[in-house]
Structure formats: structure tokens, C-alpha cells
Student: 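My questions will all concern the structure given below.
Atoms within a ligand are numbered from 1 in the order they appear, just like the ligands themselves.
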Amino acid sequence: MRSVYFIFLLFFAHNLQAQNKPSVDFIQAAAQIKPQVPQKNLEGTVNYQFKVNQKIDSLFLDAQNISFNQITLNDENISYVNTGQKLIIPASLPIGSYELKLHYVAIPKQTVYFLGWDDSIEGNEQIWTQGQGKYTSHWLPSFDDMTEKVEFDLAITFDKKYQVIANGELLEKVQKDNLITWHFDMKRPMSSYLAAFAIGDFDKKELVSASGIPIELYYNPNDSLKVEPTYRYTQEIFDFLEDEIGVPYPWQNYKQVPVQDFLYAGMENTGTTIFSNSFMVDSIAFVDKNYVNVNAHELAHQWFGNLVTEVSAEHHWLHEGFATYYAYLSDKHILGDDYFYWKLYESARTLNSISENGEGEALTNPKASSLTFYEKGAWALIALKNAVGEKAFKMGMANYLKKYAFQNVTIKDFLQEIKNVAALDLTEFENQWLKSTTFPWEIAKNFLVNNCKSVKEYLHFKSKLENQQIEANINQLLWNDSLAVPFKRQLLFDGVTSLGDSTLLNILNNEPLKVRQALAIALPMVNEDIRSDFDNLLEDESYVTQETALFKLWDAFPEQRRTYLNKTKGVEGFSNKNIKLLWLTLALITPDFEVENKQAFYVELNNYTAPQYHFEIRQLAFQYLSQINALSDTAIAHLIGATNHHVWQFKKASIDILTSFIAEEENKERVIAVGYLLSEEEKAILSKFLTP
Ligand SMILES: [Zn+2]
């Protein structure tokens, strides 16, 4: 215990010094990494150049679960202490420049994900990293502290069959036998959490920004038809953000890589965004779910987070609030004013209701939720710009980025740059938006009312709603073709049940797709009088509409179930197969539908629970199968395995499904009986579920 305490003190002393002029400054890292598939580990060498500015007694690096074969300082072997989390080199070093060389093997328990190597499917093999929140020090001895910025040059050696993508510019590929070493070069420093690589079967599409930055858009060859809708507007977003932010894109190039079973929507590794391949969409899916906002959000982080980086989590607004804000502006530029203001309205309403429930959070709370950092954070910037004026806001923002480029920042640093150009006291802004846990709803509402006619009209309509008949009003308003689509949608969510059949038919036949969709979702039950018009929704070019219409029609008209199932046969839907899985479920529980194929439907639906499928497909399949009580033994085994998945939302959903399944006594016996299908690790997991 004592040694741990001692290490802790030393670490703190090092950190405190790092705040001012650091006593040690790591400048450059040349890393050679060799991921090894059967072992799922990485062999590596990293060569750090560093400067000692004030005499030191020890050096520290973060290294989680890494074993070192050899460590040299200026080419001489040196003794070290490896705690399993930190590497400590007790060496008395005077002022000067040094070279530290580490030879190691990392066995990452997190941060590096090996997927698709254990099945027989060709081309789904991937290795990718997620450093933020998961720590790059699991695969590269580096610095969990964001204030240590290093120029990382990665060289990665792997099977020549696969593409390797990493931060920086690809200088050369050197082949030796079946292996290729990909040499990447960075020109500027970054925090360790932004170092990343991805390996897999990828093709790419190349663009060049208006300013001349090469942009590479990767995709799995199976998704070639989805490339255009997925990456739609990429060039516009890039050019817009460079212009709007007013500071050139700070890195050599920009790459975007979609990967399987990613932990988040996207991650802005420097110059190398990795994102969830569930955003690979076709043109129909694009209508309801697309990559446009995430594309802009991760790109905005290349300035806000990567170029200027928070000192610590209290300043996280400077990352997520800013990226969300610029992504909203990009949405406005591409998708229009109504889209933008109604998104802001929805976000303000959510924030306000949380705040009214007493669950609001301050933006300076380092443990605040994503909603606070992202949505309240974006709103705070909108309010700030509104307060100081666009010109001062843009000038202050550009000054801030230039002054602190490749450094670390605090909220105070940012506000000072705005104050310098705005000549305005920002105390009230700080109190209202950054320090208070209450959401300033009145300010937000006034902003919307002053800037968006349709939100203004809607709020006015809502305020007198109680006194008048909603149907008359909705009828009157819907007939007005100039009304914004989000306005009409909101009206339907508010009052669809009070609408008469003639209005419903009018909407089904004359309103645009997104308004028809809102009707499909909001309407609790379809009646016979609108049935034949509602049937047409099965052919609307939206997978949300089709899925909703199929279920509602199947539910309302038992005698027509076969017709509806025949009509929607073979439709897959989104990449999570939302329509296909619903269809299989309904086909299984519709007694007179294709009796001879029931077994095949059962097998197919259960197959979608297997690990080679995207976790979103698996999660839907588990939900449907447990709802209709049709989990096969193999699916139960897959469910047990899924309770240990690396994506926490899926892990949690699987735990919930398994827990309620086991709650039934007869299911418990079935679960015990599938033991023969489980690995030792899964058996251990299961025993935890079975022990009360
Ligand atoms: Zn973000």
C-alpha cells in the first residue's frame, strides 16, 4: 500500500508542474505497432523524444496491461517499475533532450477491438481503436493526461490483404512477404486519446476540400451502393465549417472510417474519424436516419477538442457544446432554417423539462450528462452569439483558436477572447448558462420566437389551445400549405386523435412524406374508413413509415394480415433490418400465413442473434424473440454472451432481457440446459445470473 501512495504523490507532483512550464515535455513519438490476430494483442516499439526543462527524478508514462521487453534511455538500458497501469522510470535527469525507447507487448482489455476474426465470413474482419474514455495507454504507452501533447507518427504492420488507416499522412507502404508496414506521418502534436487506427476490408472515395485538404471516405466493398447517401454533403459540410469557423482546417488530411459495433455514433480521432457503420444508409434510409449531423459534429471537433483541448473535464463544454453547435449550423446551411430552429426547439423543450424536474446540470459540472454537454452546450453558444453579435463572436472564436492552437484551454480562456472583442461584461451569461443548473427557457424561447416564424406561430397556437377546439384549429392550419413540415408534424403529435376521417384522408393524400409519417406514428388505431389510403403508406419511401404502417395495419385488420405480409415480403429496412425482423415476427405469429415456412422463419429470426451480426440487429432479434417467447437454445446462448458485449447499451439491453427471461421458472431450466453451448467465460457469466 505504501508504494502505491508514494507513486500517487509523485504523479501529482508531476501533474502540478505540468500546469505551468512542464518539467518534462514529450515532443514526438515514432511508434511501430504490429497487431496480432490469434493472440489479440499488439507488439510495439515506441521511440519518444522529450525535453527536460527542470531537473527531474523520475519519468512517468501510462501503460495499462503492457509488458515491456526492453527500455532504453539514449540507447542505454535503464531500470523501471511497471505497476500494470503506469511505467515509472526512476532516473535523475538534468535539463536537456532525451530519447526513450520502449519495446512492449500490449494485451488490451479495452480500447482495441478485434471483430470478425472468429467466424467464417470473408471480409468482415476489423481491428479498430477507441481512445477517448477508454485510454490509448491500453495499446500504446502514452499519456492519459490531455495536457501532454505529442506528435505521434504511427507505423503499423499487418496482413497485406487489409487496409490500414491511422492519423496523419500515409508516406509509404513497405511490403515484406505477406505483411505490409504502413508509415503515417503527423506534423503537429495532439493529446494521446486522439491517436487511432483502423484495419479492415475497405475501399475509399476521395474528395478535395475547396481549401485543398484531401478527404478520404472509407467503406466496406459490400456497401458500395450506400456510399453516396451516407457521405452526401461531406464536401459542403467541410467547406462550410472552414468558412464559418474562420480558421483553416488544422491537419494534413481528413479520413472517415465506418466500423462494425462501434461504441458511439462517431469519434473524432485527429484527422481520422471512426464512426458506426449503422450510418451507412441507402437513399430511402437517408430520409429518417443519416450521417449528416454526425459528419459535421466529428469534423468540428478537429478544431474544438483536437486543435484546442480542454485542460480537464470541467471544460468539456469547449469540446461537445462547440461541436454540437457547429453541427447545428451546418445542418441549417444544408437542410434549411426550419429544420434548424425546430431541432433547437425540441432540444430546448427537453432541457427545460429536465430542469423543471430539478435534474438540470451546470455546464461546468465535469460529470454532467451528454445532454448537458451537447445540447445545453450548443444553446449556450447560441445565446452567447446572440448577446455579443455575430461579428464579435466570430472574431473572438478565431482569435481563441489561433492563440491556443495545439495547446490546452479552459472556459475562462475562451470567454476572455470573446470579452476582448465584444467589450461586454459576460458575468450574467456565465451565471445563467454555465454555472446555473436551471435551463434559461425564457431566453431560449425568445430567441426562437424572434428568429423563426413557424416556431413562433406554433407557440402562439399552443398558448390558446385549451380554450378552443383543437380539430378546428388543426384543420385550419393544415390547409395552409405554407406551414413548415416540422410544425405540421408537431400538430399531429399533439392532437391526431381529435381529427376527423376527412382530415386524416386529406393528410394521407396531400401532405408530404414526413407529415404522413407523423400521422402513421401518432395515430393509435387505423379504422376501416381510412384503411385503403393508409395501405399506401406501405409504399412510402421511408423505412420508419413502412415499419409503422405494417404493424398498425396488421394489428387493426386481422383478416388482412396475409395481404400485408405478402406486400412487405423481402423488405429489409435500415441497416438494423427493422422491417425484416418485424416481418419475421409477425409471420411467425400469424397462424394461417405460410404454415409450411414457419420453421424457416423461426430459424432465420433466431439466426440474427448471432455475434457476426451488428449489435443493433441482434438487439432487435432478442427483443422480438423474447416478446413472442421463441428464443431457440442457440439464441439463449447468444444472449448470455451478449451480456458481456463491449457496447454498453447492447450489454445492458441483453442483461435486461436475460434477467426477465430467467425470472420465469421454466425458462431457468432451459437456460441451464444450454450450458453445453457456452464457453467457460460464458458459463461463469451465467452462474452470476442464476445465483440470487
Ligand atoms: Zn462530440
Student: Between Y374 and H297, is the ring centre distance below 6.0 Å?
Tutor: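 So the answer is yes for these two rings.
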Student: Got a sec, which residues hit side-chain hydrogen bond (donor to acceptor under 3.5 Å, both in side chains) with Q256, two or more places apart in sequence or on another chain?
Tutor: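 Q256 satisfies side-chain hydrogen bond (donor to acceptor under 3.5 Å, both in side chains) with Y291, N295 once adjacent residues are dropped.
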Student: Counting backbone and side-chain atoms alike, does E268 have an N/O/S atom under 2.8 Å from the Zn ion (ligand 1)?
Tutor: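 Checking E268: none of its N, O or S atoms is under 2.8 Å.
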Student: Is there an N/O/S atom in H301 at a distance below 2.8 Å from the Zn ion (ligand 1)?
Tutor: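 Checking the Zn ion (ligand 1) against H301, an N, O or S atom does fall under 2.8 Å.
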Student: Does the gap between the ring centers of F262 and W128 come in under 6.0 Å?
Tutor: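 Here the rings of W128 and F262 have centres that are less than 6.0 Å from each other.
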Student: In residues 204-220, what donor-acceptor pairs under 3.5 Å come from side-chain atoms, sequence neighbours left out?
Tutor:
from, atom 1, to, atom 2, distance (Å)
S209, OG, S211, N, 3.2
S209, OG, S211, OG, 2.8
S209, OG, G212, N, 3.2
S209, OG, I213, N, 2.9
S211, OG, E242, OE1, 2.5
S211, OG, E242, OE2, 3.4
E216, OE1, Y218, OH, 2.5
N220, OD1, N222, N, 2.9
N220, OD1, N222, ND2, 3.3
N220, ND2, G123, O, 3.4

Student: I need the OE1(E320)-the Zn ion (ligand 1)-NE2(H297) angle, rounded to 10 degrees.
Tutor: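 So the angle at the metal works out to 100°.
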